[in-house]
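Chain A is the first sequence line, chain B the second, and so forth, proteins listed ahead of strands; every chain is numbered from 1. From a predicted model like this one, the values you see are computed outputs, not experimental measurements. Just so it is clear, the values below take in all heavy atoms, side chains as well, and ignore hydrogens, waters and symmetry mates.
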2 protein chains.
Amino acid sequence: MQQTGEKLLAKPKSQAIQARRIRPTIHDVAKAAGVSIATVSRALNSPDSVRKELRERVVAAADSMDYMADSVGKALRRQRTQIISTMLPRLADPLFSAVASAIQETLEENGYLGFVQTSGFDNSNLFDRAKRLIEHGTEGLIIFGRIDDQRLLDYCRAHQLPLLSAYSYFEKSEVPTIGFDNYLATRQLVEMLHTLGHSRIAMISGSDKGNDRQQSRIRAFRDINAELGQEPVIEFTHMDFDMADGGAALRRIMENHPETTALICNRCVIAFSVMVEARRLGITVPEHLSLTGFDDIDYAALFDPSLTTVAVPSEKIGRAAAKAMIARLETGAPLGSRRFETEVILRRSVARPRTTA
Amino acid sequence: MQQTGEKLLAKPKSQAIQARRIRPTIHDVAKAAGVSIATVSRALNSPDSVRKELRERVVAAADSMDYMADSVGKALRRQRTQIISTMLPRLADPLFSAVASAIQETLEENGYLGFVQTSGFDNSNLFDRAKRLIEHGTEGLIIFGRIDDQRLLDYCRAHQLPLLSAYSYFEKSEVPTIGFDNYLATRQLVEMLHTLGHSRIAMISGSDKGNDRQQSRIRAFRDINAELGQEPVIEFTHMDFDMADGGAALRRIMENHPETTALICNRCVIAFSVMVEARRLGITVPEHLSLTGFDDIDYAALFDPSLTTVAVPSEKIGRAAAKAMIARLETGAPLGSRRFETEVILRRSVARPRTTA
DNA sequence: CTGAAAGCGCTAACAC
DNA sequence: GTGTTAGCGCTTTCAG
């Protein structure tokens, strides 16, 4: 390596231990091409600023040894990592993985890379998991759902780390939100059922602890019931962890509220497991009981009967979130909120209420 | 900052431009605690080597400013990033996201972090996508399925980048493989159908280009047919991209080979879309046609009729792959291959063949 | 158009 | 037990 005489003194000792350099560095390329490391850097990053002949020599040398500039060194020097990380409840779930996929794709298209971190469904304790992402150079953080962790909010504000909440939209929010209005969407769903003639509607929700989606959907349902002077029928599952738990909730509802004609499940997976149990119990869907899901994951249309759901533009939301974060990082333009529309997709799992009973 | 007099000359110029340091560095902590940066590093990384009083001062200072050691600087110095990356066909798919999830969890538990990169189903062109991961400091690479990209193999060998193929197991392989034997599993599945009395079996496969899973399953099916002196009936879908494409394959089979009594779908999603089409065509499953999937994703049990599949221990494979890679990185012990067992899960979508026809 | 050198944040010799 | 300092790989002034 071309070092000054002084530095050569210290060199051999430490370096000689390692057998052979695992990955070529800019120095190796410079040596091979007979130029300085500065020229290598320029030839590779801003080719126009280097004389053709030299440039070609550098490129040839770099190619011959499969040189890839080390992003770690680059990041340290440039003080930019181009890493945008995402936190979501789980990865092994069609909904979350669809969002994650859209985000990752968008990042990739724009030369970014991202860590994906799972956090469970409770958004009130995100900081410790976010920490690892931040330590590793995360320049922007996208969180699935509302951020209920004050520590994380404080940290990001104090250290100017761009933070974005994706999937749920909130009119007023300390942090920009890109997503849809869960409250509104649920109201639309219930109104659709009302229009069909259902007046005895029950809800099965996932745990609402630290989960703004469930909270908003429950609130919408309670509000509607209150407006009608009805007592809301809500059962909770722990479907988040156990695929089969929706069945138990269905049994509780059918026992305590046999007059129920329509059942709103706050996640598609809940609806699927309810369907299985309904089949087992001989409850026909939709003849005896109408059933709805939420999020319209691909499988909703494949089940028999096909499942009525609220279609959420998850991919669009994911892309929008990633794009917004990239724009923020590139131009410094402040992040803005954005509301997406949802649509009730009426499928075979919903029909007019049974007349008997 | 405590620098020697010389260096201070160059300092103020460049630093003064930036308003305020976004994220505190080890120098900030050192200054606040009135110690050297070395002591900060020691107090945080090997607390025992620092006098209690000083240690507490350092920790207090660090906490007060939310100090997090920058992994970029750390990685550059230590020449370790603790990043293990994964490449898989897609993310928005229950199978792949289950594997990704298991890998990510295992990494996290062990203080590692990982990038997840999607590559599509064709494993013959992985290098360019892997490049970005390698550039960003990936120390070990886990690839879903057999690696058919010679460039990637060459690169990893030349630069000693640990490489692991997960999900598919191969007896002989340049690269260690952790997974199951697709050929064997398919043979088991077909034999089960034979035992039940099926002799006219067809297969619907996904594209087999660069996809060892499909290739092995097709080969097993061809071999069995050859042993029986039968002409194999195989249709291809492009389900990889279009959820509804399984239906067209079913129609082709029912038209050209109406004698078929059992249908092997090489992925669960194919089977689901076939089920939908069968319903539409009035073909009853399993009475008229037995149906099998592969991979046993959670949804297989929820469909009506529930789907017979080959259960693959995807999570175990993911965890094993991640653990093996970590062990390789920590101890230097060479990566080994490992074969997992699969099991045919007989569910309602399979019955004895219809006697008429 | 090219090279020398500084320095990003950190750890680990080395010196005391 | 603590401080000083070199240097990981890179980009980018600054000279020439």
Look at the side chain of B/I26 and decide which nucleotide, out of D/dG3, D/dT11, C/dG9, has an atom nearest to it.
C/dG9

Taking only N and O in the side chain of A/S49, is any of them less than 4.0 Å away from OP1 or OP2 of C/dC1?
no

Ignoring backbone atoms, establish whether B/Q79 has a side-chain N or O less than 4.0 Å from OP1 or OP2 of D/dG9.
yes

Output the single nucleotide from C/dC10, D/dC10, C/dA4 whose closest atom is nearest the side chain of A/A69.
D/dC10

Determine whether the side chains of B/T138 and B/S85 contain a donor N or O and an acceptor N or O closer than 3.5 Å.
yes

Counting distance alone, no hydrogens or angles: does the base of C/dG9 have a donor or acceptor under 3.5 Å from a partner atom on the side chain of B/R23?
no

Would you check if there is a donor-acceptor pair between the side chains of B/E330 and B/Y112 at a distance under 3.5 Å?
yes

D/dT2 OP1/OP2 closer than 4.0 Å to side-chain N/O of B/T39:
no

Side-chain N,O (A/K74) to OP1/OP2 (D/dT11) below 4.0 Å
yes

Which angle, to the nearest 10 degrees, lies between the helix axes at the two ends of the helix from C/dC1-D/dG16 to C/dC16-D/dG1, each defined by five pairs?
50°

By nearest-nucleotide position on DNA chain D, the 5'-leaning member of A/Y67 and B/D48 is B/D48

Apply side-chain contact (heavy atoms from CB on, under 4.5 Å) to A/R51 and list each qualifying residue two or more places apart in sequence or on a separate chain.
A/E53, A/L54

Within residues 51-58 of chain A: residues closer than 4.0 Å to DNA chain C (heavy atoms)
A/R51, A/L54

So if I take every side-chain heavy atom of B/S41 and compare against C/dT2, C/dT11, C/dA13, which nucleotide ends up nearest?
C/dT11

Under the salt bridge (Lys or Arg N to Asp or Glu O under 4.0 Å) criterion, do A/E56 and A/K52 qualify, and how do the steps go?
CA-CA 6 Å; A/E56 285 170 354; A/K52 184 162 172 265; 3.6 Å; yes

Between P of D/dC8 and CZ of A/R77, the distance in whole Å:
16 Å

Taking the six-membered ring for Trp, are the ring centroids of A/Y167 and A/F96 within less than 6.0 Å of each other?
no

Expressed as a whole number of angstroms, how long is the span from B/H27:NE2 to C/dC10:C1'?
9 Å

Please determine, by modelled atom types, if A/S124 and A/D149 share a side-chain donor-acceptor pair under 3.5 angstrom.
no

